[in-house]
**Student:** 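My structure is below; once you've seen it, I'll send some questions.
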Protein chains: 4
Amino acid sequence: MSKRNGDKKEIILEAAKIVFAESGYHGASISKIAKRAGIGDGTVYLYFKNKEDILITLFHDTIHNKFAEQVEQAIRYYDDARLALLELVRNHFDFFGRDIHLSRVIQIESRQSEQNVREGMKPGIQKYFRIIESVVERGQEQGHFRKDVSSRNSRKMIFGTLDEMVTSWVLSTKEYPLIQMVEPAYKLFIQGLLECGKSDGI
Amino acid sequence: MSKRNGDKKEIILEAAKIVFAESGYHGASISKIAKRAGIGDGTVYLYFKNKEDILITLFHDTIHNKFAEQVEQAIRYYDDARLALLELVRNHFDFFGRDIHLSRVIQIESRQSEQNVREGMKPGIQKYFRIIESVVERGQEQGHFRKDVSSRNSRKMIFGTLDEMVTSWVLSTKEYPLIQMVEPAYKLFIQGLLECGKSDGI
Amino acid sequence: MSKRNGDKKEIILEAAKIVFAESGYHGASISKIAKRAGIGDGTVYLYFKNKEDILITLFHDTIHNKFAEQVEQAIRYYDDARLALLELVRNHFDFFGRDIHLSRVIQIESRQSEQNVREGMKPGIQKYFRIIESVVERGQEQGHFRKDVSSRNSRKMIFGTLDEMVTSWVLSTKEYPLIQMVEPAYKLFIQGLLECGKSDGI
Amino acid sequence: MSKRNGDKKEIILEAAKIVFAESGYHGASISKIAKRAGIGDGTVYLYFKNKEDILITLFHDTIHNKFAEQVEQAIRYYDDARLALLELVRNHFDFFGRDIHLSRVIQIESRQSEQNVREGMKPGIQKYFRIIESVVERGQEQGHFRKDVSSRNSRKMIFGTLDEMVTSWVLSTKEYPLIQMVEPAYKLFIQGLLECGKSDGI
DNA sequence: GATGAATGAGAGTTCATTCAT
DNA sequence: GATGAATGAACTCTCATTCAT
């Protein structure tokens, strides 16, 4: 049955997520993944071409199909780009804050892979990049956001900051909830480092 | 002689840099590195404990001893934190823009490593983190930078943005000089996304 | 029904013939054979013990039951051993010239098998060997064929030559019809290499 | 030292010969070969690309470099093609009669290999083919051998017969020395099956 | 100090075979 | 009878590391 099939693929992905998070991408052998999934080594190859394929699928399912999709939906009904950006930031931290294993895989392990794999992860990230950039562009059109910095570069700041904050949290002891980063991140995006109303950027 | 010794160690590090950049960390075998360095495989083990050790040393030498050191020197004579930050940004892009192989290793390959290695790279990054944070704190004391965002979080934005911009450049076709990212990065840091004097962050 | 049963067995053998010919004995997986036969992998095991069994059956059916049988019938009504030999040669090339897939399996792939399999192919070949030898012996009794070479050795020449000619054809681009080898083979068998009436064998 | 290198390669080939002969090409694992050679598994890969490479080298060394070479030398000083042919036959059986393991590999196991391998064995066999054909052609020019059968076809008879006789001996209990096949083979080549001076080929 | 041949643990992967459905 | 998902033994091959020279 297709039900079954989906189930087993899901089971393998779930097991792989845990193993990748705990042993790292290169320390994760097919054998370990299979054992954790409670299946035979060979069975993995019925559902995935190889270890790369597992990581790519995990990444794509997560980032392209779930995360980027969810963000897109979440900001759909905000007209003001500033509010849309706030919602985007909230979603980012909310998503990664929910599943520490997943976050570890996405933030750390997925970057430990060959050219090959990174190629397979591109569509997912780029979908997210385009979402961020479109928010920035909307803000520029609305006259809220500066136009002397390209939306591409603004996106690099936004994504770079969010990414660094999540990575930092993943590698930390996680004493604070990730969601509490929404406020500082948003403030920095909007007004930068400047003391409000008091100072200028020289 | 320690002179000689230093020489050979340097030669190996230089070779490793190229091989890591071209083949990736996991695709780089000791054999390849030794061949490129023009020495025997076994000789590598006279200077390094293992492959991990090479990467850690390469990273530490570069980031802790050269890069962070150089940044520290460069901002030493700026009193105004805003100008110090500008100089820091300039140094960051200047440093990584000069050596594409090195940049690739630092931005991409060094993240493809085990817990172990990342542990060894910590001192270097943290030295740089502290430099950034001290600039921010100085700005706060001077009344230029906001105090409602911690220096730690501001640092995450600054480092995250710079890092993302370098990574983006490394993975691109490098048609633009990295140094031209100084201006957009600095602007975003200082005033964020807002249109100057026209808009507010809601 | 035995009819049905026979049908499916036949279908599997036919599929196996093609797959063996195209992928080689060792490159032919049960899975490939089943797919080609349009049945499930497991079904193969209802009709055959294993892959070896398929090859042995294919060989035996072909060589013992069809080919040797047909040759035996064909030479039955020739009294003169020389004419019987000619007919045997004609049959040999005719049979293998008709089915290139089969020829490939018999000439090439069936020799890529373990002791085991070769054991199972013996009865078929030996039946053919006995046919050849009996023709030679008849020729000796009739005073046509030499008696200073044993029928066993003469058979080795005859079979070795025919076999080499078929193999050669199978591995070639097959621009010539195999049947045209009847004449040179027969001539060489009968009078050997000597120029007729002119020369002696020293 | 190059001496050493040659030694170890030779040791592996010798071990492989025995293992191929005893377990068959497909039953021979690299592990078995290494164990028999008294070396580590990995060492095999310092000298050979893979199992195929071992068989190809074994075959080429034996057939192209030793056997065909030796035959070429042996017949060099015979002017009369009939005597050259006799010497060729003698050499063939002498060579294969000396080393039963080698014969088994050449006659049986080397035919159990993929397209790939057979391609690598071609140069060796074809060198031998050309030697046989050149003897036949010389005989034709001398007026001793028939011209109504091409040298190519005559070669197929000669090689096919010799090959079949060796195979037959290899698969037998080897109660007779292979060298005693020289006489019947030569007789059949020269005068075929006909009773001398008494009969005709119809 | 320098070498590089040798090692063997351990990875990925295939596929004949089984068995619950 | 028919299926094909699941299995796991067994294989090939790589490469960090050692050590006799």
**Student:** Which atom names give the shortest non-hydrogen contact between C/Ser103 and C/Val170, and what distance separates them?
**Tutor:**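 Nearest pair, atom of C/Ser103 first, then C/Val170: CB-CG2, 3.7 Å.
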**Student:** Base, sugar-phosphate alone, or nothing: which one does B/Thr43 contact when heavy atoms must sit under 4.0 Å apart?
**Tutor:** base
**Student:** Taking OP1 and OP2 of E/dA2, is either one under 4.0 Å from a side-chain nitrogen or oxygen of B/Tyr47?
**Tutor:**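 Checking B/Tyr47 against E/dA2: at least one side-chain N or O falls below 4.0 Å of OP1 or OP2.
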**Student:** Tell me what C/Asp41 touches on the nucleic acid: a base, only sugar-phosphate, or nothing, going by heavy atoms under 4.0 Å.
**Tutor:** base
**Student:** Give a yes or no answer on whether the side chain of C/Thr43 reaches the backbone of C/Ile39 with a donor-acceptor pair at less than 3.5 Å.
**Tutor:** no
**Student:** From the options F/dA16, E/dT13, E/dA16, select the nucleotide whose nearest atom is closest to the side chain of C/Ser29.
**Tutor:**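 For the C/Ser29 side chain, the nearest candidate turns out to be E/dA16.
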**Student:** Check this for me: B/Lys127, atom NZ, are more than 12 non-hydrogen atoms of other residues, nucleotides or ligands nearer than 6.0 Å?
**Tutor:** yes
**Student:** Quick one: the dot-bracket string of DNA chain E, using Watson-Crick and G-U wobble pairs with both distances under 3.5 Å, [ ] for crossing pairs and | for bases paired to another strand.
**Tutor:** .||||||||||||||||||||
**Student:** Minimum heavy-atom separation for B/Ala37 to B/Ile11, with atom names?
**Tutor:**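 That closest heavy-atom pairing would be O-CG2, 3.7 Å.
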**Student:** Kindly say if D/Lys49 contacts the phosphate of F/dC13, meaning a side-chain N or O under 4.0 Å from OP1 or OP2.
**Tutor:** no
**Student:** Out of E/dT17, E/dA6, E/dA2, which has the shortest distance to the side chain of C/Ile30?
**Tutor:**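 From the listed options, E/dT17 comes nearest.
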**Student:** Would you say B/Lys35 reaches E/dG4's phosphate, i.e. side-chain N/O to OP1/OP2 under 4.0 Å?
**Tutor:** no
**Student:** Out of B/Lys32, B/Arg36, B/Arg104, which residue meets the salt bridge (Lys or Arg N to Asp or Glu O under 4.0 Å) rule with B/Glu22?
**Tutor:** B/Arg36
**Student:** Looking at the side chain of C/Lys51, which of E/dG8, E/dA16, F/dA6 is the nearest nucleotide?
**Tutor:** E/dA16
**Student:** Could you check whether C/Asp99 pairs with C/Lys17 (Lys NZ or Arg NE/NH1/NH2 to Asp/Glu carboxylate O, under 4.0 Å)?
**Tutor:**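 Between C/Lys17 and C/Asp99 there is a salt bridge, with a charged N closer than 4.0 Å to a carboxylate O.
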**Student:** Among the candidates F/dG1, E/dA2, F/dT17, find the nucleotide nearest to the side-chain atoms of B/Leu46.
**Tutor:** E/dA2
**Student:** With respect to the side chain of D/Ile39, which nucleotide from E/dA16, E/dT13, E/dT7 is positioned closest?
**Tutor:**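 Among the listed nucleotides, the one closest to the side chain of D/Ile39 is E/dT7.
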